[in-house]
Amino acid sequence: MRIGYPCLNRSIGCSPSKTFRLASYTDERLEDTVSANLSCLKKILIYNAEHGLLFLRITSDIVPFASHEVCSFPWQVRFSAAFAELGNYCRKNGFRISMHPDQFVLLNAPDERVLARSIADLAYQTAVLDLMGLDRTAKVQIHVGGVYGDKAAAMDRFVKNYRALAPEIRARLVIENDERLYSAADCLALHTKTKIPIILDTFHHSLNNNGEPVNELFSAIRETWNRRDGIPMVDYSSQQGGKRTGAHAETLDPENFSLFLSESRDFDFDLMLEIKDKEKSALQALALAWGDKRLVTVAMPD
DNA sequence: GGCAGTCAAGTACGC
DNA sequence: GCGTACTTGACTGCC
């Protein structure tokens, strides 16, 4: 088990998600922004190595507008050496890496223009991981998509569109259960037709489930990841008190987290903490998990 | 410098 | 029909 957090680090004084308005796009602006974002990403990786946080989700904004038609800059060529260096650092430190396109990426969209934009974005995120030279344990995670008034048809469309993807995208793509439309059971049904690995989001599962016993679910999910995909990834969060159901917690709930560790003790996975205070919660989680036989560590964290 | 409004993108849901 | 929410954070114009 490696423990990590998504996208941003609030302690180090830079953001890897710098962007700009579409209206102010220029090649120069893009080049400067990506350069700054990659330099910040390097700082995050160094921080993570120093603190024993070995799982990181790279922000989709690392190359702003990368999959947009406005983007005419050959960023893959310009930054190939920088991406390779970041990837080397990840491998050297035993990091697990993921990316998570946002809610606009819909592989089962009936509208072909939406589908085309979605595939372009998947190609971009796949290219980032490929440029970093990461093996296929580095994943791009998406939700199944919309229902469009006919769930069976929407799932069939997912299968069809998934099968038509380029092999390099399929090698990285994984699906995650969401809190309203597609449960873990729905994802497992899609797995039987596509062999796509499944990321379990435990918080979403608590809001949208079919009453599965935890052990059965972890067992089934584990079987969707083959050796080349690495051990499963799991997203963890908990409910923020006083906010709408489904709102992610601002800070780690130690009691809830310890219970989660205990309930999942028979299963190994890499764990992403989707808590709003980011690395702070991840460090707390690492401390709470300390001594857990699953934990991968490089050194005792500070 | 600080603030408020707005920002590429899609869908579903509650009012 | 419209506003809101989503992993939300970051940019921009105005004071």
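In this text, all values refer to a predicted model and were calculated from it rather than measured experimentally. Side-chain atoms are counted along with the backbone in the values below, which use heavy atoms only and exclude waters and symmetry mates. First the proteins, then the strands, lettered A, B, ... as listed; each starts at 1.
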What distance, rounded to whole Å, do you find between the two [atom1] atoms, one in [N] and one in [M]?
| N | M | atom1 | result |
| --- | --- | --- | --- |
| C:dT4 | B:dC7 | C1' | 16 Å |
| C:dT8 | B:dT6 | C1' | 14 Å |
| C:dA5 | B:dG5 | P | 15 Å |
| B:dA12 | C:dG9 | C1' | 23 Å |
| B:dA8 | C:dG13 | P | 12 Å |
| C:dT7 | C:dG3 | P | 22 Å |

Inset, instruction - Assess whether atom NZ of A:K278 is packed by more than 12 heavy atoms of other residues, nucleotides or ligands within 6.0 Å. - result: yes
Inset, instruction - Measure up the A:F260 and A:F269 rings against each other and bin them: parallel (under 30°), tilted (30 to 60°), perpendicular (over 60°). - result: tilted
Inset, instruction - Please state whether the rings of A:H248 and A:H204 are parallel, tilted or perpendicular, taking 30° and 60° as the class boundaries. - result: perpendicular
Legend entry - Among C:dG9, C:dC11, C:dT7, the one nearest A:R10 by side-chain distance: C:dG9
Legend entry - Minimum-distance nucleotide to A:H143 side chain [options: C:dT7, C:dA10, C:dT12]: C:dT7
Inset, instruction - Return no unless some side-chain N or O of A:K276 is found under 4.0 Å from OP1 or OP2 of C:dT7. - result: no
Legend entry - Short side-chain N/O contact from A:S15 to OP1 or OP2 of C:dA10, under 4.0 Å: yes
Inset, instruction - Find which nucleotide of DNA chain C each of A:T19 and A:C7 is nearest to by heavy atoms, and output the residue with the more 5' nucleotide. - result: A:C7
[X] has an atom [atom1]; how far is it from atom [atom2] of [N], in whole Å?
| X | N | atom1 | atom2 | result |
| --- | --- | --- | --- | --- |
| A:M272 | C:dT7 | CE | C1' | 11 Å |
| A:K278 | C:dA10 | NZ | P | 9 Å |
| A:D178 | C:dA5 | CG | P | 18 Å |
| A:I58 | C:dT8 | CD1 | C1' | 18 Å |
| A:I62 | C:dT7 | CD1 | C1' | 15 Å |
| A:M233 | C:dT7 | CE | C1' | 16 Å |
| A:N9 | C:dT8 | CG | P | 16 Å |
| A:I199 | C:dT7 | CD1 | P | 13 Å |

Inset, instruction - With heavy atoms under 4.0 Å as the rule, sort A:S118 into base, sugar-phosphate or nothing. - result: nothing
Inset, instruction - For A:S24, answer base if it contacts any base atom (sugar-phosphate contacts may also be present), sugar-phosphate if it contacts only those atoms, and nothing otherwise; contact means non-hydrogen atoms under 4.0 Å. - result: sugar-phosphate
Legend entry - Protein proximity profile, nucleotides 8-15 of chain B - base contact B, sugar-phosphate-only contact S, no contact -, cut-off 4.0 Å on heavy atoms: BBBSSS--
Legend entry - Under-4.0 Å salt bridge between A:D270 and A:K139: no
Legend entry - Check: A:L134 and A:F95 side chains under 4.5 Å, non-hydrogen atoms: no
Legend entry - Counter-base of C:dC11, judged by Watson-Crick or G-U geometry with both distances under 3.5 Å: B:dG5
Legend entry - Aromatic A:Y148 / basic A:R157 pairing, under 6.0 angstrom, 45° off normal: yes
Inset, instruction - Report yes or no: is the cationic atom of A:K151 (NZ for Lys, CZ for Arg) closer than 6.0 Å to the six-membered ring centre of A:Y182, at no more than 45° off its axis? - result: yes
Legend entry - Ring-ring centroid check A:W75 A:Y124, cutoff 6.0 Å: yes
